[in-house]
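The residues of the chain are indexed from 1 along the displayed sequence.
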Amino acid sequence: MQFIIGCDNAAVSLKELIAAHLLKKGFEVQDVGCFSSDDATAYPLVAQSVCERIIASGFQKRGVLICGTGIGMAMTANKFKGIRAAVCHDAYSAERSVLSNDCNVLCMGARVIGSELAKKIVDEWVGLQFDPNGRSGPKVREIMNIEGANLK
(Lines give C-alpha, C1' and ligand atoms only; values in the text may rest on other atoms or scores of the structure.)
Protein backbone atom coordinates (compact mmCIF):
# COMPACT_ATOMS: atom_id res chain seq x y z
CA MET A 1 0.00 0.00 0.00
CA GLN A 2 1.22 3.48 -0.87
CA PHE A 3 0.45 6.69 0.98
CA ILE A 4 0.73 10.37 0.22
CA ILE A 5 1.01 12.51 3.33
CA GLY A 6 0.77 16.24 3.87
CA CYS A 7 0.26 18.81 6.59
CA ASP A 8 0.17 22.50 7.35
CA ASN A 9 2.72 24.24 9.54
CA ALA A 10 0.76 23.37 12.70
CA ALA A 11 1.31 19.65 12.18
CA VAL A 12 4.85 19.14 10.86
CA SER A 13 6.02 17.10 13.85
CA LEU A 14 3.03 14.78 13.83
CA LYS A 15 3.25 14.35 10.03
CA GLU A 16 6.91 13.36 10.30
CA LEU A 17 6.13 10.90 13.09
CA ILE A 18 3.29 9.30 11.10
CA ALA A 19 5.38 9.13 7.91
CA ALA A 20 8.18 7.39 9.83
CA HIS A 21 5.63 5.06 11.44
CA LEU A 22 4.24 4.04 8.04
CA LEU A 23 7.74 3.57 6.58
CA LYS A 24 8.70 1.37 9.55
CA LYS A 25 5.68 -0.82 8.77
CA GLY A 26 6.95 -1.27 5.21
CA PHE A 27 4.64 1.13 3.39
CA GLU A 28 5.73 3.55 0.68
CA VAL A 29 5.20 7.17 1.72
CA GLN A 30 5.36 10.28 -0.43
CA ASP A 31 5.59 13.44 1.69
CA VAL A 32 4.31 16.61 -0.01
CA GLY A 33 4.99 18.98 2.91
CA CYS A 34 4.88 21.26 4.77
CA PHE A 35 8.41 20.59 5.92
CA SER A 36 8.82 23.37 8.48
CA SER A 37 6.72 25.15 11.05
CA ASP A 38 7.85 28.33 9.28
CA ASP A 39 6.25 27.22 5.99
CA ALA A 40 3.17 29.40 5.44
CA THR A 41 1.64 27.22 2.71
CA ALA A 42 -2.12 27.21 3.27
CA TYR A 43 -3.59 23.83 4.19
CA PRO A 44 -6.00 23.79 1.21
CA LEU A 45 -3.02 23.77 -1.16
CA VAL A 46 -1.47 20.81 0.66
CA ALA A 47 -4.79 18.93 0.58
CA GLN A 48 -5.05 19.70 -3.13
CA SER A 49 -1.58 18.30 -3.76
CA VAL A 50 -2.36 15.07 -1.91
CA CYS A 51 -5.74 14.59 -3.61
CA GLU A 52 -4.41 15.27 -7.11
CA ARG A 53 -1.72 12.64 -6.60
CA ILE A 54 -4.28 10.09 -5.36
CA ILE A 55 -6.46 10.76 -8.39
CA ALA A 56 -3.44 10.55 -10.73
CA SER A 57 -2.61 7.14 -9.23
CA GLY A 58 -6.03 5.86 -10.29
CA PHE A 59 -6.94 5.76 -6.58
CA GLN A 60 -4.26 3.15 -5.94
CA LYS A 61 -2.76 5.38 -3.24
CA ARG A 62 -4.36 6.62 -0.05
CA GLY A 63 -3.78 9.91 1.73
CA VAL A 64 -3.10 11.21 5.22
CA LEU A 65 -3.68 14.90 5.88
CA ILE A 66 -2.89 16.60 9.18
CA CYS A 67 -3.56 20.17 10.27
CA GLY A 68 -4.50 21.74 13.59
CA THR A 69 -7.90 20.03 13.78
CA GLY A 70 -8.12 17.94 10.61
CA ILE A 71 -11.36 19.69 9.71
CA GLY A 72 -10.07 22.10 7.09
CA MET A 73 -8.07 19.35 5.38
CA ALA A 74 -11.15 17.11 5.21
CA MET A 75 -13.36 19.90 3.91
CA THR A 76 -10.86 20.68 1.15
CA ALA A 77 -10.16 17.05 0.26
CA ASN A 78 -13.85 16.29 -0.12
CA LYS A 79 -14.06 18.85 -2.93
CA PHE A 80 -12.25 16.38 -5.22
CA LYS A 81 -14.20 13.79 -7.16
CA GLY A 82 -13.52 10.31 -5.85
CA ILE A 83 -12.00 11.47 -2.59
CA ARG A 84 -13.73 10.40 0.61
CA ALA A 85 -11.93 12.09 3.48
CA ALA A 86 -12.80 11.71 7.15
CA VAL A 87 -11.54 13.34 10.32
CA CYS A 88 -10.73 10.56 12.78
CA HIS A 89 -9.64 11.15 16.34
CA ASP A 90 -10.24 7.65 17.68
CA ALA A 91 -9.81 4.08 16.43
CA TYR A 92 -13.54 3.46 16.06
CA SER A 93 -13.94 6.46 13.73
CA ALA A 94 -11.01 5.19 11.68
CA GLU A 95 -12.55 1.74 11.47
CA ARG A 96 -15.96 3.01 10.41
CA SER A 97 -14.48 5.51 7.93
CA VAL A 98 -13.16 2.56 5.94
CA LEU A 99 -15.69 -0.20 6.56
CA SER A 100 -18.79 1.98 6.23
CA ASN A 101 -17.61 4.79 3.94
CA ASP A 102 -14.62 3.56 1.88
CA CYS A 103 -12.50 6.45 3.18
CA ASN A 104 -9.35 7.01 1.12
CA VAL A 105 -8.00 10.07 2.95
CA LEU A 106 -7.49 10.06 6.71
CA CYS A 107 -7.48 13.50 8.34
CA MET A 108 -6.28 14.20 11.87
CA GLY A 109 -5.71 17.21 14.09
CA ALA A 110 -2.30 17.71 15.65
CA ARG A 111 -3.85 20.04 18.23
CA VAL A 112 -6.52 17.49 19.10
CA ILE A 113 -4.72 14.16 19.56
CA GLY A 114 -1.33 13.00 20.76
CA SER A 115 1.27 11.06 18.83
CA GLU A 116 0.56 7.60 20.27
CA LEU A 117 -3.15 7.88 19.58
CA ALA A 118 -2.40 9.13 16.06
CA LYS A 119 -0.26 6.03 15.39
CA LYS A 120 -3.03 3.76 16.73
CA ILE A 121 -5.59 5.48 14.48
CA VAL A 122 -3.33 5.10 11.44
CA ASP A 123 -2.73 1.43 12.27
CA GLU A 124 -6.48 0.81 12.48
CA TRP A 125 -7.13 2.69 9.24
CA VAL A 126 -4.43 1.03 7.12
CA GLY A 127 -5.37 -2.44 8.35
CA LEU A 128 -8.89 -2.34 6.90
CA GLN A 129 -10.37 -2.83 3.46
CA PHE A 130 -13.81 -1.72 2.26
CA ASP A 131 -16.08 -4.45 0.89
CA PRO A 132 -18.05 -2.99 -2.05
CA ASN A 133 -20.37 -6.00 -1.93
CA GLY A 134 -21.13 -5.60 1.77
CA ARG A 135 -23.96 -3.73 3.50
CA SER A 136 -22.32 -0.34 2.96
CA GLY A 137 -21.66 -0.83 -0.76
CA PRO A 138 -25.00 0.64 -1.87
CA LYS A 139 -24.56 3.61 0.48
CA VAL A 140 -21.12 4.45 -0.89
CA ARG A 141 -22.48 4.14 -4.43
CA GLU A 142 -25.14 6.70 -3.47
CA ILE A 143 -22.41 9.01 -2.20
CA MET A 144 -20.70 8.61 -5.56
CA ASN A 145 -23.95 9.30 -7.43
CA ILE A 146 -24.50 12.51 -5.47
CA GLU A 147 -20.88 13.47 -6.02
CA GLY A 148 -21.20 12.88 -9.76
CA ALA A 149 -24.27 15.08 -9.93
CA ASN A 150 -22.71 17.90 -7.94
CA LEU A 151 -18.97 17.91 -8.69
CA LYS A 152 -18.48 18.78 -12.33
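The list of side-chain hydrogen bond (donor to acceptor under 3.5 Å, both in side chains) pairs with a residue in residues 105-120, not counting sequence neighbours, reads Glu116-Lys119. Identified under the salt bridge (charged side-chain N to carboxylate O under 4.0 Å, His left out) test for residues 75-88, with sequence neighbours left out: Arg84-Asp102. Each side-chain hydrogen bond (donor to acceptor under 3.5 Å, both in side chains) pair with one or both residues in residues 17-30, not counting sequence neighbours, appears once here: Gln2-Glu28, His21-Asp123.
By the 4.5 Å heavy-atom criterion applied to side chains, Leu128 and Glu95 are counted as neighbours. Counting only heavy atoms from C-beta outward, the side chains of Phe130 and Val140 approach each other to under 4.5 Å. Contact annotation: the side chain of Phe35 never approaches that of Val12 to less than 4.5 Å [non-hydrogen atoms, C-beta and beyond]. A heavy-atom distance below 4.5 Å is not found between the side chains of Ile143 and Lys139. Between Gln129 and Val98, the closest side-chain pair of non-hydrogen atoms is not below 4.5 Å. Side-chain contact check for Val126 versus Leu22: some heavy-atom pair is nearer than 4.5 Å. Contact check for Phe80 versus Leu151: no side-chain heavy atoms found under the 4.5 Å cut-off.
Here Asp31 pairs with Lys15 under the side-chain hydrogen bond (donor to acceptor under 3.5 Å, both in side chains) rule; sequence neighbours left out. Contacts of Ser100 classified as side-chain hydrogen bond (donor to acceptor under 3.5 Å, both in side chains), with partners at least two apart in sequence or in another chain: Arg96.
Within the 3.5 Å criterion, the main-chain N or O of Asn9 finds no donor-acceptor partner in the side chain of Asp38. In this structure a side-chain-to-backbone donor-acceptor pair under 3.5 Å is missing from Arg62 to Ile54.
To the nearest 0.5 Å, atom CG of residue Asn104 and atom SG of residue Cys51 are 8.0 Å apart.
No continuous path of ILVMFWY side-chain contacts below 4.5 Å connects Met144 to Ile83, so the two sit in separate hydrophobic clusters. By the rule that hydrophobic residues join a cluster once side-chain heavy atoms approach within less than 4.5 Å of another member, Leu117 and Leu14 end up as members of one cluster. Cluster membership for Leu17 and Val46, using ILVMFWY side-chain heavy atoms within less than 4.5 angstrom, is not shared. Cluster membership check: Tyr92 does not share its hydrophobic cluster with Leu106, using side-chain heavy-atom separations under 4.5 Å among Ile, Leu, Val, Met, Phe, Trp and Tyr. Taking hydrophobic clusters as Ile, Leu, Val, Met, Phe, Trp and Tyr residues chained together by side-chain heavy-atom distances below 4.5 Å, Val87 does not share a cluster with Ile121.
If you check the side chains of Ser93 and Asp90, you find a donor sitting under 3.5 Å from an acceptor. If you check the side chains of Arg53 and Ser49, you find a donor sitting under 3.5 Å from an acceptor.
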Open item on the list: Would Ile55 and Glu52 count as a side-chain contact (heavy atoms from CB on, under 4.5 Å) here? Give the steps.
Closed with: CA-CA 5 Å; Ile55 293 166; Glu52 287 175 344; 5.6 Å; no
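When all heavy atoms of Asn78 and Ala85 are compared, the closest pair comes out as OD1-N, 2.8 Å. In terms of heavy atoms, Trp125 sits closest to Cys103 at NE1-SG, 3.6 Å. When every heavy atom of Ile113 is checked against every heavy atom of Met108, the shortest pair comes out as CD1-SD, 3.8 Å. For the pair Lys61 and Ile4, the tightest heavy-atom approach, listed with the atom from each and the gap, is CD-CD1, 3.8 Å.
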Show the atom names and distances, to 0.1 Å, of all donor-acceptor pairs under 3.5 Å that link a side chain in residues 64-77 to residues at least two apart or in another chain.
from  : atom 1 : to    : atom 2 : distance (Å)
Thr69 : OG1    : Ile71 : N      : 3.1
Thr76 : OG1    : Gly72 : O      : 2.9

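Taking the six-membered ring for Trp and thresholds of 30 and 60 degrees, Phe3 and Phe27 have ring planes more than 60 degrees apart, a perpendicular arrangement.
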